[in-house]
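Below is one structure, written out as structure tokens, with a few remarks after it.
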Amino acid sequence: MNYQVNEKGYYGNFGGAFIPEMLFPNVEELREKYLSIIQEKDFQLELNELLRDYVGRPSPLYYAKRLSERYNTNIYLKREDLNHTGAHKINNTLGQILLAKRLGRTRIIAETGAGQHGVATATVCALMGLKCIVYMGEVDIKRQAPNVARMKLLGAEVIPATSGSKTLKDATNEAIRDWINNPVDTYYIIGSVVGPHPYPDMVARFQSVISEEIKKQLLEKTGNENPDYVIACVGGGSNAAGAFYHFLENEKVKLIAVEAAGKGIDSGHSAATSVLGKPGIIHGSKTLLMQTSDGQIIEPYSISAGLDYPGVGPIHAHLFETGRAEFVSATDEEALKAVFLLCELEGIIPALESAHALAYLEKLKAKENEVVVINLSGRGDKDLATYIEKL
Ligand SMILES: *Cc1c(COP(=O)(O)O)cnc(C)c1O
């Protein structure tokens, strides 16, 4: 079984590039050049140096002793929360901005929901001295004021999307419209393993540094580079794709993807895309997405802003369909419990998104001698307001 993208940009039945004709030249240029550029020696040198000195990689693989005792197994946390800007998203934005520079682009655009991807993009634009425009739904701008301030501090222009529900999907539409109007000087940095081919594959490659490091670190710590389980939360699916990447071909490593069940899978307020979704097209690729019987996108809901995306990257739709990864979900309440437990047992305040992966420990029946790796995708500073309400 092959879990990587094929030459046509498909993962099994999912993926492809469903784009307006006017974007074809941009996406086609990217498709032709991305692999050769990111495999160049000096691209790799520059990327690896920045990942080390700017992001702070390798991120530690931490043996969580008290959490392990609690669940009677061996739990390691991959500490993406310790990266500069507080999450895994910078791995991807750094890779894409180096690519944009080599394509000769001078103007960067991005879409953002909660603002995390917008901040990661504004950060690397400041680093490289490139102009940055971030599209964000008007509703989200009001809900996520600290991230809007961060982006502005970093020199980005934040443009409100005022159409539709004034949230992420509307911001994405605005970004695409911008790209159509500015095809020559502009590069569009997408924030997860979504969008038309080659974005999902490109983003997965940039995030694959996570599992590359896990292998080396586990070998050093346990004498075996393969864990029994890798667990990650899934919004669009980039931190999970990065954490799974180098284990995909080894079927002995069980991969567990945790989606946001919100107020419950059947409550009508959730973001459990793979379980509730049907095949459809969103943001330029064919994947599983939450939709009404006549194909209108259903607004997702989760307490964590980073997981309420109505679709899932095509790689995950394929992992779901083939059964290579197990797709489970955690509710708002279960995630919050996991936040407080990690604070209490390990002195680590996790992001709400990452807490969905931690919450699954309650249901996982791992054995005493087994090894479980959980990708701690981000830190909880951004979620403090939510946590304070629950204290
Ligand atoms: C954005 C975000 C996510 C969800 O995005 P993926 O592409 O699914 O990884 C998860 N965790 C954190 C901390 C995030 O900021």
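The basis for the numbers below is simple: all heavy atoms, side chains too, and nothing from hydrogens, waters or symmetry mates. Atoms within each ligand, like the ligands themselves, are counted from 1 in listed order.
Of the polar atoms of G237, at least one N or O is found under 3.5 Å from an N or O of ligand 1, judged by distance alone. The shortest N or O to N or O distance between S354 and ligand 1 is not under 3.5 Å. When only interatomic distances are considered, the shortest N/O to N/O separation between A87 and ligand 1 does not fall below 3.5 Å.
Under a cut-off of 6.0 angstrom, the local environment of CD in Q39 is crowded, with over 12 non-hydrogen atoms contributed by other residues, nucleotides or ligands.
Taking the six-membered ring where the residue is Trp, H84 and Y54 present perpendicular rings, their angle passing 60° and hence far from 30°. Between Y10 and F18, the ring-plane angle classifies as perpendicular under the 30° and 60° cut-offs. Ring-plane geometry between Y187 and Y199 is classed as tilted, the angle between the planes lying from 30 to 60 degrees on a 0 to 90 degree scale. Classification of the Y309-H283 ring pair by plane angle, with boundaries at 30° and 60°, yields tilted.
Atoms of ligand 1 lying under 4.0 Å from at least one heavy atom of C233, given by number and element, are 10 (C). Contact atoms of ligand 1 toward G306: 4 (C) (distance under 4.0 Å to a heavy atom of the residue). Within ligand 1, counting atoms from 1 as listed, the ones closer than 4.0 Å to a heavy atom of S377 are 10 (C), 11 (N), 12 (C), 13 (C). Counting the atoms of ligand 1 from 1 in the order shown, those under 4.0 Å from a heavy atom of G378 are 13 (C). Close approach to S238 involves these atoms of ligand 1, each under 4.0 Å from a residue heavy atom: 6 (P), 7 (O), 8 (O), 9 (O). For ligand 1, the atoms sitting less than 4.0 Å from at least one non-hydrogen atom of G235 are 8 (O), numbered in the order shown with element in parentheses.
Judged purely by distance below 3.5 Å, without hydrogens or angles, the side chains of S59 and E80 pair a donor atom with an acceptor atom. Checked by atom type, the side-chain pair T93/T121 shows no donor-acceptor distance below 3.5 Å. Counted by atom type alone, H88 and S238 present one or more donor-acceptor pairs between their side chains at under 3.5 Å.
Comparing E353, E80, H117, K89 by heavy-atom distance to atom 5 (O) of ligand 1, the nearest is K89.
Contact analysis puts H88 in contact with ligand 1, with a non-hydrogen atom separation below 4.0 angstrom.
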